[in-house]
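Everything below concerns the one structure shown next.
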Amino acid sequence: MSQSCIPIETLSLDHPSECPVQKDHSGDEWDTDLEPDGKLSSGLQDISANDLYLQACEEVGVVPVAYFLRNLGNPTLNLNHHGLGPLGAKALAIALVSDMKITNLELEDNHILAEGAKYLMDMLKGNCSIQDLNMSNNHLRSAGAEHVSKMLLDNVSLRSIKLSGNEFTEHDVKSFADVFSSNYRVKELDLSHNEFCEKGGEHLGQMLANNEGLHVLNLSWNHLRMKGAVALSAGLKVNLTIKSLDLSWNGFGNEGVLALGEALKFNSTLLYLDLSSNRITNEGAGSLCKGLEANDTLKVLKLSNNPLTVEGALALLNSVKNTPKSALEKLNISNVLVNEVFLQLLEKTCQEHQGLEVIFGGVGGFTARKPQQRPDPMKMIQDYLDERKLRLWDFFRNIDKDGFMKVAVTDFRRAVQQTNIPLDRVQIEELIHRLDKDRTGTVDYRGLADTRKQMMRDQRRQLRKQESRQKKEKQKSDRVLQTFQSAVEAATPRSSMVISPGLPGDSSSSQHFSATPLSSWHHVVMSNSSRYSVPNMSTEHVHLPPIGIQPRTGSSLKVRSSSQPNLHPEVRATPRTKPISALEFQINSQPEITSSHPVSPASNSLTRSRPALTTRKHQTSTKALNHKSKTAKGKS
């Protein structure tokens, strides 16, 4: 076998019928850097893949991998942790361009870098057999992310791709979001152990909203928090294909879980959800329970390594018990110690949901109880007086028989004990200590009145603190939900857009199209010129293509447009099985409205554009006139 260099002709596809030549967006055949430097040699069209790899290694100056040579004919090629480097990846790419046997390529932890990724991505543009690709932990960074994204635009065979631990930032995720918004071939995507933050969560939410192919998505070990978590949850709300979602080790917190609970109310495809190690407390578990009570598809929920206690575990179990349609089969709270109350509830729940499996940390947990606060003795005295409509002065005068406005401590203690005020000995001594701070042995009326004033001030201060705390919690929840709703509107799928031609006077109206979200249409007024005016838009007119059939008088023509029903919080999402008819218009001819004068929002409304109402009114008025004429004739 000749040891000369490998020409580019040997890198072309041997089966053009099975895998056609890929082209870029300019229409030219894509170029590749897989050609080693050297002169053209003859007789290399029949070279084996083994010899091709050896010559490529010699040309680029790397040591051949013996494992590759031994397993060249197997469908799975596992080269994890072999230290290929960029040049080793180039030699491998040269050997795999025309290989049609390998379907699973494992290249994890090979320090391939962006340079080696470029060679491999060029190879994948022409290879039509590789379906599973693992390029995790190869330090691809931003340049590598760009190469992978460009490859996904041309490749037609990949079904699973793992890109974990490649130091991608939130700026790099936009390229993946753009690609997967239109890519429906890849079913599994692993982007774990990267550096996606708030902006990355927004891009991922857009990707989830528009993607119609992904079934498995791994986003664990990123930094998806606050707005990023909320935006991602918004995309999950309108997604119709995702089945498995791993969000562990992201720090979602209670805010992110609040938005995620809202998404679960509408999502009808998710089967597996991992929220382990996300700083979710009992409050967050309560928000998640609201979503679980409305969800009937989720089967596996993992919440391990979160600061949950027995209260959170009981709330989760109660949400399953109180939801007959719940499909939950596995609940993982492996770090939570439960108590006997939880075990009794679990037994009752399993009687109704026999397939339910709950993994907990063990028995020995306890319910956190706040120390019971003893009621203020002065408040109890005031309540006693209020019930009997007495004054504090009357209470003291009954004790002060001499009228000196002072009584001995022993007399005050005896008088309080003889009343029906439910004060024990400790509370009485506490009250006396507050009334006789100087230890004079006497209690005066002024001190009693001042103690009551202080008690009332403390009570009002405590009430204001409680109201302020509740108000802040509500404001925080409202902000999260408002951000969630805004993210849902921003992540509107393209399928819910109405495409209409441009203005009639535009010379390029045959090619110019404008898209308008259907969610912004509240009322639509129509005329015979097929020009639609939207009352809730002050100056904007939405134009639809003219309807070729002119409606006859008395007839109606139904115009249907598709919208996304699960963008509205009051409507439950359902699997998209057939086109959805969201709006139905009745078009009737109106002689008084001509095509040169379209109906404007200010001059007309939806009810005024219905001729049937006008006809009915005219008929009613005619009957009234006939009745009046008959009455007049009868009198005459």
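What's counted below: heavy atoms across the whole structure, side chains too, no hydrogens, waters or symmetry copies. Note that the structure is a prediction, hence the values are computed from the model and not measured.
The salt bridge (charged side-chain N to carboxylate O under 4.0 Å, His left out) analysis of residues 391-419, with sequence neighbours excluded, yields the pairs R391-D394, D411-R414, R413-E429.
One finds no salt bridge joining R446 and D450 here, because no Lys/Arg side-chain nitrogen approaches an Asp/Glu carboxylate oxygen to under 4.0 Å. Remark: R464 does not engage E467 in a salt bridge, criterion side-chain N to carboxylate O under 4.0 Å.
Of the N and O atoms on the side chains of S136 and S164, not one donor lies less than 3.5 Å from an acceptor on the other residue. In summary, the side chains of T281 and N254 do present a donor paired with an acceptor at a separation below 3.5 Å, with no hydrogens or angles considered. For the residue pair S175 and D178, no side-chain donor N or O sits within less than 3.5 Å of a side-chain acceptor on the partner. S276 and S304 are linked by a side-chain donor-acceptor pair at a separation below 3.5 angstrom, with hydrogens and angles left out of the test. Side-chain contact of R457 with Q454: a donor-acceptor pair under 3.5 Å is present, judged by distance alone.
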Start with the C-alpha distance between L448 and L435, add both sets of side-chain angles, then the distance that settles side chain to side chain contact (heavy atoms under 4.5 Å, CB included), and finish with yes or no. CA-CA 6 Å; L448 186 63; L435 296 175; 3.9 Å; yes
Salt bridge (Lys or Arg N to Asp or Glu O under 4.0 Å) between E262 and K265, worked out: CA-CA 5 Å; E262 288 295 315; K265 294 179 181 179; 2.9 Å; yes
Between V358 and T349, is the side chain to side chain contact (heavy atoms under 4.5 Å, CB included) condition met? List the steps. CA-CA 11 Å; V358 180; T349 305; over 6 Å; no
Applying salt bridge (Lys or Arg N to Asp or Glu O under 4.0 Å), run through E202 and K199 and close with a yes or a no. CA-CA 5 Å; E202 295 178 7; K199 201 67 178 178; 3.4 Å; yes
Steps toward side chain to side chain contact (heavy atoms under 4.5 Å, CB included) verdict (R461, K465): CA-CA 6 Å; R461 187 183 303 110; K465 286 183 178 179; 4.2 Å; yes
Let me see the working for F395 and Y384 under ring pair (Phe, Tyr, Trp, His ring centres under 6.0 Å), right down to the final yes or no. CA-CA 10 Å; F395 172 75; Y384 172 82; 7.1 Å; no
Between Q462 and D458, is a side chain to side chain donor-acceptor pair (under 3.5 Å) present by the stated rule, with each step listed? CA-CA 6 Å; Q462 187 68 22; D458 294 341; over 6 Å; no
How far apart are the C-alpha atoms of Q485 and K237, what are their side-chain angles, what is the distance that settles it, and do they pass the side chain to side chain contact (heavy atoms under 4.5 Å, CB included) test? CA-CA 10 Å; Q485 188 61 29; K237 175 182 177 180; 4.1 Å; yes
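The local environment of CE in M405 is crowded, with over 12 non-hydrogen atoms from other residues, nucleotides or ligands closer than 6.0 Å. More than 12 heavy atoms of other residues, nucleotides or ligands shown are found within 6.0 angstrom of CZ on R388. Within 6.0 Å of NE2 on H81 lie more than 12 heavy atoms contributed by other residues, nucleotides or ligands. Remark: Q354 CD is loosely packed, at most 12 non-hydrogen atoms of other residues, nucleotides or ligands lying under 6.0 Å away. Within 6.0 Å of CE on M455 lie more than 12 heavy atoms contributed by other residues, nucleotides or ligands. In E352, the CD atom is crowded: over 12 heavy atoms of neighbouring residues, nucleotides or ligands sit closer than 6.0 Å.
Side-chain contact between I333 and F342 is present, with heavy atoms from C-beta onward closer than 4.5 Å. Residues H433 and R439 have side chains in contact (heavy-atom distance under 4.5 Å, counting atoms from C-beta outward). Residues L308 and N282 form a side-chain contact, since some pair of their non-hydrogen atoms from C-beta on lies under 4.5 Å apart. The shortest side-chain heavy-atom distance between L270 and L236 falls under the 4.5 Å cut-off. No side-chain heavy atom of V320 sits under 4.5 Å from any side-chain heavy atom of L331. In this structure, the side chains of L316 and C289 come closer than 4.5 Å at one or more pairs of heavy atoms. For the pair L343/E340, a side-chain contact is recorded, criterion being any heavy-atom separation below 4.5 Å from C-beta on. Contact check for E170 versus H203: no side-chain heavy atoms found under the 4.5 Å cut-off.
A231 and A487 get closest at one heavy-atom pair: CA-CB, 3.9 Å. Heavy-atom minimum distance, N194 versus E167: OD1-N, 3.2 Å. Across all their heavy atoms, G284 and V257 have their closest contact at O-CG1, 3.3 Å. The nearest pair of heavy atoms linking C350 to L356 is SG-O, 4.1 Å. Considering all non-hydrogen atoms of both residues, E311 and T309 come closest at OE1-OG1, 2.7 Å. Pairing each heavy atom of E293 with each of S319, the nearest pair is CG-CB, 4.0 Å.
When each of L232, L275, L224 is checked for a side chain to side chain contact (heavy atoms under 4.5 Å, CB included) with N250, only L224 meets the rule.
Using a 30° and 60° split on the angle between ring planes, Y445 and W393 fall in the perpendicular class, above 60°.
In this structure a side-chain-to-backbone donor-acceptor pair under 3.5 Å is missing from N137 to D109. Listed for the T169 side chain is no donor-acceptor partner under 3.5 Å among the backbone atoms of E195. A side-chain donor-acceptor contact under 3.5 Å links N222 to the backbone of L191. Side-chain atoms of D376 come within 3.5 Å of backbone atoms of M378 as a donor-acceptor pair (strictly under, hydrogens ignored). Side-chain atoms of N166 come within 3.5 Å of backbone atoms of H139 as a donor-acceptor pair (strictly under, hydrogens ignored). In this structure, the side chain of N210 does not engage the main chain of S181 through any donor-acceptor pair within 3.5 Å. Between the side chain of T297 and the main chain of L271, no donor-acceptor pair closer than 3.5 Å is present. Looking at N318, its side chain does come within 3.5 Å of a backbone N or O of L314 through a donor-acceptor pair. N239 contributes no side-chain N or O that, together with a main-chain N or O of A209, makes up a donor-acceptor pair within less than 3.5 Å. No donor-acceptor distance shorter than 3.5 angstrom exists from the side chain of D274 to the backbone of L247, with no hydrogens or angles considered.
Note that CZ of F180 and CD of E212 are 14.5 Å apart. Values are rounded to the nearest 0.5 Å. Within the model, atoms CZ of R141 and CZ of F168 stand 10.5 Å from one another, a figure rounded to the nearest 0.5 Å. Note that CG of D386 is 12.0 Å distant from CD1 of I381, once rounded to the nearest 0.5 Å. With rounding to the nearest 0.5 Å, the separation of CZ in F412 from CD in Q417 is 11.0 Å. Note that the CD1 atom of I242 and the CG atom of L240 stand 11.5 Å from one another [nearest 0.5 Å].
E347 pairs by the side chain to side chain contact (heavy atoms under 4.5 Å, CB included) definition with Q351, not counting sequence neighbours. For T442, the side chain to side chain contact (heavy atoms under 4.5 Å, CB included) partners are T440, not counting sequence neighbours.
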